[in-house]
Student: 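Once you've had a glance at the structure underneath, I'll fire off some questions.
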Amino acid sequence: GDSQLFSLIGRFAYNYAGKYYLTFTARNDVSSKFAKGKRAAFFPSIGLSYRLSEEKFMKGLSNVLSNIKFRYSYGASGNQAIGSYQTFAIMAAANYPFGSNIENGYATNTYNPGNKELTWETTWQHDLGLELMLFKRVSLEFDYYHKKTTNLLQYKQTPPSTGIEQILSNSGAVVNKGFEASMKVFAIQGKDFSLSFGGNISFNKNEICDFGKDPMFPNSIYNSMRPYALADNHPIGAFYGWVHDGIWQSKEEVVNSHQFKTQYPDYQANNSDAATEEIIRRDWIGEIKYKDLDGKPGITSDDRTIIGDVNPNFTFGFTNNFQWKDLSLSMFFQGSVGNDIFNGNLMEQKMVEVSNITQEAYDTRWTPDNYENAKWPKPTENMSRQLQVSDRFVEDGSYLRLKSLNVEYKFRSPVKFVNSLTVGVTMTNLFTISNYSWYDPEVNAFGGDASRRGVDVFSYPSNRTYSLNFKLVL
C-alpha cells in the first residue's frame with residue numbers, strides 16, 4: 001500500500017587542530033504508517049573522536065605508532081518497517097447463519113485486527129572504538145558496542161477468548177552487545193613482490209527483555225512447527241522443544257518408567273495382559289523417548305525447554321593477498337563457531353512405509369538385533385507417527401569455509417596494438433570444514449528473516465562456482 005515518510009535532518013561538525021572532532025546529528029521523521037499522534041519521532045546522535053598521534057609529544061614515536069585514534073558515539077535510530085494501514089482493522093470474508101441459511105458477510109481479520117497505538121521502534125546505541133597503525137604496516141581497529149532496541153514492532157499472540165489470533169504491537173525490547181576487532185598487515189611491499197593479509201572477528205550477545213513472563217512462539221517453519229521461543233533473558237533465536245532421551249529398548253524399561261506408571265499404575269513387568277502388551281510392543285518399544293521434565297503424567301508441551309541457540313559464540317574471516325611480478329593471488333576464508341542449526345530435513349526420516357530416508361538412518365534404525373547402536377526408531381506402518389521438535393535435530397553449525405580464491409596473470413604487450421591481457425580464474429565455496437551432517441552449514445531456509453534464522457529445511461546448498469575472466473587493454 002501507499003505510505004509517506006517526511007524527514008528533516010541537521011548536522012553540525014567541528015574539527016580543532018586535526019585532533020579533536022565533534023559531530024552532532026538531529027533527525028525528525030514523520031511516517032504515515034502510524035496513527036495520528038504517533039507518527040513523529042526525534043532521533044539525535046553525537047560523535048566524539050581524539051587523534052592522540054597528532055600530539056607533539058607523540059611525534060618521536062611516529063615510526064612505531066603513526067596513528068592512534070579514540071572514538072565514541074551515542075545516538076538513536078528508528079524503524080518503521082511494517083506494512084501500510086496496520087493501524088486499521090482489515091476486513092475479511094466470513095459466513096454467518098441467518099435463519100436456515102448461511103449468508104456471506106465480513107468480519108475483522110483475525111490476523112490483522114489493527115492497532116492505533118503503533119509507533120516507532122527505537123534503537124539507542126553506544127560505540128567505543130580505537131584505531132591503531134603500528135610500524136606503518138599493521139592497521140588495527142577495535143570496537144565495543146551496546147545497543148538496546150525498544151518498542152519492538154512484532155506480532156504477539158493473543159488469548160483465544162479474544163477471537164483474534166495475533167496483533168501487531170510495540171512490545172518488548174532486545175539488547176545487543178559485543179566486541180569487534182579487525183587487522184590488516186602489509187607484510188611485504190616491494191617492486192616485484194608484495195604480501196598482505198588481514199582478518200576480523202566479531203562477538204555478539206543478544207538478550208530479550210521486557211517481554212513478559214510467558215514465552216511466545218513466533219513464525220512456524222513448516223507443518224505448523226514452531227521450534228523457537230521468545231522469552232525474557234534468552235536470545236532471539238533460542239530453539240525450544242523436547243529433550244531426546246534415547247529409544248525405549250525393552251518391556252522392563254517401559255513398565256518401570258515414570259511415564260508408563262502414570263498411565264498404567266498397577267501394571268507390573270511380570271503381568272501379561274494381551275491388550276497392554278500389544279500397546280507396549282506397538283507404541284513404546286523401539287520408539288523415541290523424551291525426558292519428562294515436569295513430572296506430570298505423559299509427555300506434554302510443558303516438558304519443552306531451551307534446546308539450542310542459533311547465535312554463534314563468534315564469527316570470523318581472514319584474507320590473504322599475494323603478488324609476484326604479474327602473478328597475483330587472493331583468498332578469503334570465513335567461519336562461525338558455536339552456533340546451532342535446526343536440521344528440519346531429518347524430521348522427514350520417520351521410518352514409515354516407503355518414505356525416503358538416508359542410508360545412515362536406515363543402517364542405524366532400531367531392530368531387535370540392532371538396539372544397542374540404534375539412533376532412529378523402528379520401521380513402522382503407522383503413518384501417523386510424528387517426530388517431535390527436539391534436540392536430536394539440533395546440530396553444531398560451526399564451520400570454516402574457503403569462500404573465494406582468485407588467481408590472475410597479466411600478459412604485457414602480448415601482441416601488437418594490445419597493451420595488456422589479464423587472465424583470471426575465480427572459484428567460490430571450494431571447501432568447507434564442518435561437523436554438520438547435511439549439505440551446507442551456511443544455508444538458511446528463510447533468508448534474512450531474523451525470527452527464523454538457523455533453519456535448514458529442504459534448502460539448496462551454496463553453489464561451488466568456477467569462472468574464467470579476461471581483461472583486455474588496448
Side-chain angles (χ1 to χ4, degrees), residues 11-25 45-75 77 123-147 176-205 312-337 400-408 410 424 426:
R11 184 173 182 267
F12 171 79
Y14 178 72
N15 170 16
Y16 176 71
K19 295 183 291 185
Y20 306 96
Y21 298 85
L22 168 65
T23 303
F24 177 76
T25 303
S45 66
I46 187 171
L48 303 169
S49 65
Y50 169 49
R51 194 178 294 275
L52 177 63
S53 53
E54 292 300 313
E55 296 289 356
K56 292 182 179 180
F57 61 83
M58 293 294 297
K59 298 303 181 181
L61 298 174
S62 60
N63 290 330
V64 178
L65 290 169
S66 56
N67 180 46
I68 307 176
K69 183 179 180 181
F70 298 94
R71 296 181 279 102
Y72 173 74
S73 63
Y74 177 61
S77 60
T123 298
W124 288 90
Q125 177 169 338
H126 298 268
D127 187 282
L128 182 64
L130 171 64
E131 298 176 13
L132 297 173
M133 175 64 81
L134 306 177
F135 307 105
K136 297 183 179 180
R137 288 184 179 273
V138 181
S139 173
L140 300 171
E141 191 167 339
F142 306 93
D143 281 275
Y144 171 80
Y145 61 88
H146 183 286
K147 65 179 181 178
N176 280 275
K177 54 186 177 181
F179 173 76
E180 297 176 346
S182 63
M183 176 183 68
K184 190 166 186 180
V185 179
F186 304 93
I188 301 174
Q189 293 178 298
K191 179 180 178 182
D192 293 329
F193 180 69
S194 66
L195 175 65
S196 65
F197 53 88
N200 63 78
I201 189 168
S202 177
F203 302 83
N204 180 74
K205 180 180 180 181
N313 296 333
F314 61 91
T315 58
F316 63 93
F318 55 92
T319 61
N320 188 294
N321 296 282
F322 163 90
Q323 183 170 353
W324 178 66
K325 294 186 177 180
D326 295 320
L327 175 67
S328 63
L329 179 148
S330 64
M331 59 182 69
F332 170 56
F333 290 84
Q334 72 175 34
S336 177
V337 175
L400 170 65
R401 166 169 286 171
L402 177 53
K403 192 67 177 177
S404 66
L405 175 65
N406 184 69
V407 181
E408 289 185 348
K410 185 175 184 179
T426 300

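No experiment lies behind these values; they were computed from the predicted model shown. Throughout, numbering of the chain's residues begins at 1 and tracks the sequence.
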Student: So do L22 and I46 actually touch side chain to side chain, heavy atoms under 4.5 Å?
Tutor: yes
Student: Is the number of heavy atoms from other residues, nucleotides or ligands under 6.0 Å of K69 NZ greater than 12?
Tutor: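 Yes - once you tally the heavy atoms of other residues, nucleotides and ligands closer than 6.0 Å, there are more than 12.
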Student: Please check if atom OH in Y16 has more than 12 non-hydrogen atoms from other residues, nucleotides or ligands closer than 6.0 Å.
Tutor: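 It does not: Y16 OH has 12 such atoms or fewer within range.
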Student: Would Y50 and E55 count as a side-chain hydrogen bond (donor to acceptor under 3.5 Å, both in side chains) if you check the C-alpha gap in whole Å, the side-chain angles of each, and the deciding distance to 0.1 Å?
Tutor: CA-CA 10 Å; Y50 169 49; E55 296 289 356; 2.8 Å; yes
Student: Distance from N67 atom CG to S139 atom OG, nearest 0.5 Å?
Tutor: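 Here the rounded value is 8.0 Å.
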Student: Are the side chains of L128 and Y145 in contact, using a 4.5 Å heavy-atom criterion?
Tutor: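 When only atoms from C-beta onward are counted, L128 and Y145 do not touch, as no gap falls below 4.5 Å.
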Student: Would you compute the distance between atom CG of L52 and atom CD1 of I68 and round it to the nearest 0.5 angstrom?
Tutor: 4.5 Å
Student: Would you indicate whether the side-chain heavy atoms of N200 and M183 approach each other to under 4.5 Å?
Tutor: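 No; the side chains remain at least 4.5 Å from each other.
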Student: OG/S77 to CD/Q125 distance, rounded to the nearest 0.5 angstrom?
Tutor: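 CD of Q125 is found 7.5 Å from OG of S77.
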Student: For a ring-ring contact (aromatic ring centres under 6.0 Å, His included) check, start with the C-alpha distance between F314 and F203, then their side-chain angles and the critical distance, and finish with the verdict.
Tutor: CA-CA 5 Å; F314 61 91; F203 302 83; 5.4 Å; yes
Student: The test is side chain to side chain contact (heavy atoms under 4.5 Å, CB included); show your working for L65 and L134 and say whether it passes.
Tutor: CA-CA 5 Å; L65 290 169; L134 306 177; 3.0 Å; yes
Student: Does V337 reach the side chain of P312, with side-chain heavy atoms less than 4.5 Å apart?
Tutor: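 A side-chain contact is absent here, since even the closest heavy-atom pair is not under 4.5 Å.
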Student: Taking the ring of Y144 and the ring of F179, is the distance between their centroids below 6.0 Å?
Tutor: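 No.
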Student: So do the side chains of S45 and T25 get within less than 4.5 Å of each other, counting heavy atoms only?
Tutor: yes
Student: Mark yes or no for whether S62, through its side chain, and K59, through its backbone, hold a donor-acceptor pair below 3.5 Å.
Tutor: yes
Student: Is there side-chain contact between T23 and F12, with heavy atoms separated by less than 4.5 Å?
Tutor: no
Student: Could you tell me whether K184 atom NZ has more than 12 heavy atoms of other residues or ligands within 6.0 Å of it?
Tutor: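 No, not enclosed.
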Student: Just checking F193 against F322, ring centres under 6.0 Å apart?
Tutor: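 Centroid separation for F193 and F322: below 6.0 Å.
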Student: Indicate yes or no: at least one non-hydrogen side-chain atom of Y20 is less than 4.5 angstrom from one of L48.
Tutor: no
Student: If you take all heavy atoms of F316 and S336, which pair is closest and at what distance?
Tutor: CE2-N, 3.8 Å
Student: Calculate, to the nearest 0.5 Å, the distance between atoms OG1 and CD belonging to T315 and E180 respectively.
Tutor: 8.0 Å
Student: Suppose we call two aromatic rings close when their centres sit under 6.0 Å apart. Are F333 and F318 close by that rule?
Tutor: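 Yes, close enough.
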Student: Mind checking whether W124 and Y74 have side chains closer than 4.5 Å, heavy atoms only?
Tutor: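 When only atoms from C-beta onward are counted, Y74 and W124 do touch, with a gap below 4.5 Å.
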Student: Would you sort out whether L405 and L329 count as a side chain to side chain contact (heavy atoms under 4.5 Å, CB included), showing the intermediate values?
Tutor: CA-CA 8 Å; L405 175 65; L329 179 148; 4.2 Å; yes
Student: Have D127 and S73 got a donor and an acceptor in their side chains that come within less than 3.5 Å?
Tutor: no
Student: E141 vs D143, test: side chain to side chain contact (heavy atoms under 4.5 Å, CB included). Steps then yes/no.
Tutor: CA-CA 7 Å; E141 191 167 339; D143 281 275; 3.7 Å; yes
Student: Which pair of heavy atoms, one from R71 and one from S49, lies closest together, and at what distance?
Tutor: CG-CB, 4.1 Å
Student: Determine whether more than 12 heavy atoms belonging to other residues, nucleotides or ligands lie under 6.0 Å from atom NZ of K19.
Tutor: yes
Student: When you measure from the centre of the six-membered ring of F186, is the NZ or CZ of K136 under 6.0 Å away and within 45° of the axis?
Tutor: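 No, a cation-pi geometry is absent between K136 and F186.
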Student: Using 0.5 Å steps for rounding, measure from the OG atom of S328 to the CG atom of N406.
Tutor: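 One gets 6.5 Å once the value is rounded to the nearest 0.5 Å.
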Student: Taking it one step at a time, do L327 and E408 satisfy side chain to side chain contact (heavy atoms under 4.5 Å, CB included)?
Tutor: CA-CA 6 Å; L327 175 67; E408 289 185 348; over 6 Å; no
Student: To the nearest 0.5 Å, what is the distance between CG on N321 and CE on M331?
Tutor: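 Those atoms lie 9.0 Å apart.
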Student: Do you know the tightest heavy-atom contact between F332 and G317?
Tutor: CE1-CA, 4.3 Å
Student: Between E131 and R51, does any side-chain N to carboxylate O distance fall below 4.0 Å?
Tutor: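 No.
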